[in-house]
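One structure is given here, and the rest of the page talks about it.
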Amino acid sequence: MKRYEKFPIRLTNSLSSKKEEFKPIHEGRVGIYVCGPTVYSDVHLGNVRTFLCFDVIQRYFKYLEYKVRYVRNITDVGHLEGDADEGEDKISKKARLEQLEPMEIVQRYTNDFHRVSEVFNILPPDIEPTATGHLIEQIRHIEALLEKGLAYEVNRSVYFDVKKYNEHQQYGKLSGRNIDELRDSGRSLDSQDEKRDKIDFALWKKASPKHIMRWDSPWGKGFPGWHLECTVMSTKYLGETFDIHGGGIDLKFPHHECEIAQQAGITGTDPVNYWLHSNMLTVNGQKMSKSLGNSFLPNELFSGKHELLEKGYSPMTVRFFMLQSHYSSTLDFSNDALMAAEKGYKRLMSGLKNAESLEAPDGNDKESGQTMLQLADQCFLEMSDDFNTAKTLAVLFEMTTRINDLMTKPDELSKIPADAWKYFVGTYSEFIQEVLGLKKETAEDDKMLEGIVNLLIKLRSEAKISRDFAKSDMIRDELGKMGVRLMDGKDGTTFSID
RNA sequence: GGUGCUGUGGCCGAGUGGCUAGGCAGAGGUCUGCAAAACCUUUUACAGCGGUUCGAAUCCGCUCAGCACCUCCA
């Protein structure tokens with residue numbers, strides 16, 4: 001029996017706004033597509049949160065023994081600055097400003113994104129396609145839409161005909177809008193619009209003479225619209241209809257709505273069974289974004305060089321901090337919250353260390369084994385309930401208390417049956433490290449350092465035996481200043497590195 | 001203006017019609033040469049006003065406050 005049969009997943013589908021049981025299209029397999037970053041600047045912590053949320057989600061699917069194909073793209077062309085018709089391509093603009101080849105911009109920030117992902121222990125996707133690598137597919141898709149009469153060409157640009165699409169299908173079903181309201185929303189007042197209808201969106205844009213990113217197409221030199229790449233790449237690698245599509249909630253409209261229209265316009269059916277949207281990271285209640293100037297870069301966080309931070313925080317502290325909230329809730333970023341998270345993270349890590357240090361028992365007290373089995377199962381139940389990492393952490397802390405307690409109670413430990421203990425410790429350790437992706441950050445694995453500190457501990461205990469507390473305290477204090485904390489227990493002194 | 005969401009104790013944050021979330025901080029205790037860690041005990045809640053109900057922080061209505069999307073944004 002596979003784990004996913006024992007612990008079926010329920011998830012909140014943005015399409016229905018309800019929690020539904022997850023049923024894959026192909027038994028035992030899951031296809032997940034997540035909108036990746038537009039690589040025109042450094043990723044900030046708000047971006048990180050989204051990729052972290054979906055990292056944990058895909059990790060959990062894999063842990064449940066699903067065969068997962070996780071696709072997350074890199075947007076390296078087509079994302080326009082400002083209004084969709086007047087704007088300039090983001091990467092093109094950055095390239096012009098920095099006098100670089102556009103692909104240099106793309107490479108630089110793709111590298112940055114990968115580096116940041118690794119630091120936060122966000123696993124790479126199984127496929128990471130780029131928009132520029134799929135221009136032929138995008139052009140083909142536009143041709144298909146033109147053939148269906150769902151797109152029209154104006155002055156060497158091609159637009160999607162939303163009104164036409166809406167005659168047979170429902171544009172706005174994901175974000176709860178209708179096209180009349182959208183037309184009335186009266187945000188933009190541009191006059192020299194090529195579009196037949198203001199709610200139409202670009203599939204292909206003619207490149208102006210100064211525009212440096214350009215490709216040949218049946219409509220002349222130009223570049224693809226932003227929404228198209230995701231439609232093309234998701235269905236290419238996951239099928240015309242696939243299981244899960246994720247992304248930040250700010251992409252729900254118009255981006256994801258357009259994706260649905262572009263695909264459903266051709267196939268007549270919804271391309272995605274379950275839409276998942278992660279919520280925003282906020283600062284003082286406001287969305288973290290570059291344009292508001294309230295964004296944090298990873299390096300500012302690690303160094304603590306930011307006016308809202310009192311000190312630096314490690315990547316795993318931040319990962320822990322983000323996992324304490326549900327992916328669908330906003331999360332507020334503050335120094336106090338990070339400080340609390342830092343301590344919580346350390347408590348969990350020391351629990352993990354303790355769990356590994358305990359010798360496996362082989363007892364026969366069924367009752368004590370039973371509670372351990374229940375706690376372990378509870379981890380699965382919480383994660384299977386819409387990926388509730390906050391509740392999962394609460395269970396892991398209960399397990400931590402249990403483990404710490406057993407550290408000083410060898411009699412109780414020895415009563416626990418071997419299989420119950422194995423399942424308990426295995427689940428504990430794997431949920432922390434494999435599912436939640438929290439890893440140890442200290443240098444405690446350094447053998448030489450361990451030897452040196454143990455030597456000092458020996459010298460100190462000799463001083464203690466001869467009641468030379470001045471010397472023993474000196475050793476402890478000096479090591480403490482270097483971040484090595486000594487703790488006297490019943491069975492001698494142990495140390496941890498902060 | 002339209003659509004949707006949120007308001008939980010000192011802080012951060014889960015959650016649900018009746019039973020302790022959890023972390024951090026605070027208080028007391030055990031242990032200790034003293035600490036630290038750990039363990040035990042413990043104080044502060046569900047924005048306001050009405051309604052439904054045997055019972056609501058949880059459902060409904062209104063009010064207030066805030067946020068997101070409707071431009072680019074994870």
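Please read all numbers here as calculations on a predicted model, not as lab measurements. Keep in mind that the numbers below use all heavy atoms, side chains included, and drop hydrogens, waters and symmetry copies. Order of the sequence lines sets the chain letters (A, B, ...), proteins ahead of strands, with each chain counted from 1.
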Ring centroids of A/Phe397 and B/G23 base under 5.5 Å with planes under 30°: no
For the side chain of A/Lys19, starting at C-beta, report the closest nucleotide among B/A68, B/U16, B/G15. B/U16
Is there a salt bridge (charged side-chain N to carboxylate O under 4.0 Å, His left out) between A/Asp55 and A/Arg59 once you walk through the steps? CA-CA 6 Å; A/Asp55 180 52; A/Arg59 278 168 179 267; 2.8 Å; yes
What do the steps show when you test A/His245 against A/Tyr33 for ring pair (Phe, Tyr, Trp, His ring centres under 6.0 Å), and what is the final call? CA-CA 5 Å; A/His245 188 130; A/Tyr33 185 90; 5.0 Å; yes
What is the nucleic acid contact for A/Thr282, judged by heavy atoms within less than 4.0 Å: base, sugar-phosphate only, or nothing? nothing
Cation-pi check for A/Phe54 against A/Arg72: NZ or CZ below 6.0 Å from the six-membered ring centre and within 45 degrees of the axis, yes or no? no
Rounded to whole Å, the NZ-P distance (A/Lys346 to B/A37) equals 11 Å
Grab the CG-P distance between A/Leu358 and B/A38 for me, whole Å please. 15 Å
Do the side chain of A/Asp250 and the base of B/C72 come within less than 3.5 angstrom through a donor-acceptor pair of N or O atoms? no
Would you indicate whether the side-chain heavy atoms of A/Glu342 and A/Leu338 approach each other to under 4.5 Å? no
Does B/G33 have OP1 or OP2 under 4.0 Å away from a side-chain N or O of A/Lys464? no
For atom P, what is the distance between B/C12 and B/G7, given to the nearest Å? 13 Å
Under-4.0 Å side-chain N/O to phosphate OP1/OP2 contact, A/Asn178 with B/U3: no
5'-most by nearest nucleotide on RNA chain B - A/Thr401 or A/Arg49: A/Thr401
Spacing of the C1' atoms in B/C60 and B/C69 (rounded, Å): 26 Å
Spacing of A/Arg183 atom CZ relative to B/G1 atom C1', expressed in whole Å: 17 Å
Pairing partner of B/A21 (Watson-Crick or G-U wobble, both distances under 3.5 Å): none
Looking only at B/C34, B/A14, B/A74, the nucleotide nearest the A/Ser325 side chain is B/A14
Under 4.5 Å between any side-chain heavy atoms of A/Asp386 and A/Lys391, yes or no? no
Heavy-atom nearest nucleotide on RNA chain B for A/Cys35 versus A/Ala470: which residue maps closer to 5'? A/Ala470
Tell me if a side-chain donor or acceptor on A/Tyr60 pairs with a main-chain N or O of A/Phe380 at a distance below 3.5 Å. yes
Applying a 4.0 Å non-hydrogen cut-off, can you work out what A/Ser329 is touching in the nucleic acid: base, sugar-phosphate, or nothing? sugar-phosphate
Is any side-chain N or O of A/Asn404 closer than 4.0 Å to OP1 or OP2 of B/C39? yes
Please state the P separation for the pair B/A45 and B/C5 - nearest whole angstrom. 30 Å
A/Phe61 and A/Ile244, any side-chain heavy atoms less than 4.5 Å apart: yes
Which nucleotide in B/C70, B/A25, B/G15 has an atom nearest any side-chain atom of A/Asn388: B/G15
Quick one: which of B/C72, B/A74, B/G22 gets closest to the side chain of A/Lys90? B/C72
Distance, P atom - from B/U43 to B/A36, rounded to whole angstrom: 24 Å
With a 4.0 Å cut-off on heavy atoms, is A/Ser278 in touch with a base, just the backbone sugar-phosphate, or nothing at all? nothing
Taking atom P of B/C67 as reference, at what distance in whole Å does atom NE2 of A/His277 sit? 22 Å
Of the candidate nucleotides B/C24, B/U3, B/C11, which contains the atom at the shortest distance from the side chain of A/Glu181? B/U3
Atom-to-atom span, CZ of A/Arg485 to P of B/C34 - whole angstrom: 20 Å
Atom C1', compared across B/G26 and B/G10: separation rounded to whole Å: 8 Å
Using the P atom on both, measure B/U6 against B/G13 and round to a whole Å. 15 Å
Please evaluate the base of B/A36 for a donor-acceptor partner in the side chain of A/Arg476 within a cut-off of under 3.5 Å? no
Under 4.0 Å between any heavy atoms, over every strand shown, what does A/Met288 touch: base, sugar-phosphate, or nothing? Just pick one. base
Using atom C1' in both nucleotides, what's the gap between B/G22 and B/G29 to the nearest angstrom? 23 Å
Under 4.0 Å, heavy atoms only, any strand: does A/Gly46 hit a base, just the sugar-phosphate, or nothing? base
Under a 3.5 Å limit for both distances, which nucleotide forms a Watson-Crick or G-U wobble pair with B/G55, could you say? none
Once you apply the 3.5 Å cut-off to both distances, tell me the Watson-Crick or G-U wobble partner of B/G1, or none. B/C70
State whether the distance check finds a donor on one side and an acceptor on the other, under 3.5 Å, for side chain A/Asp332 versus base B/G13. no
What contact category does A/Asp488 fall into here, base, sugar-phosphate, or nothing, at under 4.0 angstrom with non-hydrogen atoms? base
For A/Arg319 and A/Glu441, run salt bridge (charged side-chain N to carboxylate O under 4.0 Å, His left out): C-alpha distance rounded to whole Å, both residues' side-chain angles, the deciding distance at 0.1 Å, then the answer. CA-CA 12 Å; A/Arg319 188 167 175 118; A/Glu441 286 183 321; over 6 Å; no
Under 4.0 Å between any heavy atoms, over every strand shown, what does A/Leu331 touch: base, sugar-phosphate, or nothing? Just pick one. sugar-phosphate
Kindly say whether the aromatic ring centers of A/Phe120 and A/Phe51 come within a distance under 6.0 Å. no
Both distances below 3.5 Å, Watson-Crick or wobble geometry, any strand: find the nucleotide opposite B/A37. none
Categorize A/Leu338 for me: base, sugar-phosphate, or nothing, with a 4.0 angstrom heavy-atom threshold over every strand shown. nothing
A/Lys287 has an atom NZ; how far is it from atom P of B/A68, in whole Å? 8 Å
Determine the interatomic distance between P on B/G18 and the same-named atom on B/A56; round to the nearest Å. 11 Å
Consider the side chain of A/Phe253, meaning its heavy atoms from C-beta on, and name the nucleotide among B/A68, B/G23, B/C69 that approaches it most closely. B/C69
In whole angstroms, how far is the C1' atom of B/A74 from the CG atom of A/Asn73? 12 Å
Return the nucleotide paired to B/C64: Watson-Crick means purine N1 to pyrimidine N3 with N6-O4 or O6-N4, wobble means G-U with N1-O2 and O6-N3, both under 3.5 Å. B/G7
From the options B/A74, B/C72, B/C70, select the nucleotide whose nearest atom is closest to the side chain of A/Asn47. B/A74
Expressed in angstrom and rounded to an integer, what is the separation of A/Arg347 atom CZ from B/C24 atom C1'? 11 Å
Looking at A/Glu98 and A/Arg108, does any basic side-chain N land under 4.0 Å from a carboxylate oxygen? yes
Base paired to B/G26 (Watson-Crick or G-U; both N/O distances under 3.5 angstrom): B/U42
Using a heavy-atom cut-off of 4.0 Å across all strands, would you classify A/Ala337 as base, sugar-phosphate, or nothing? sugar-phosphate
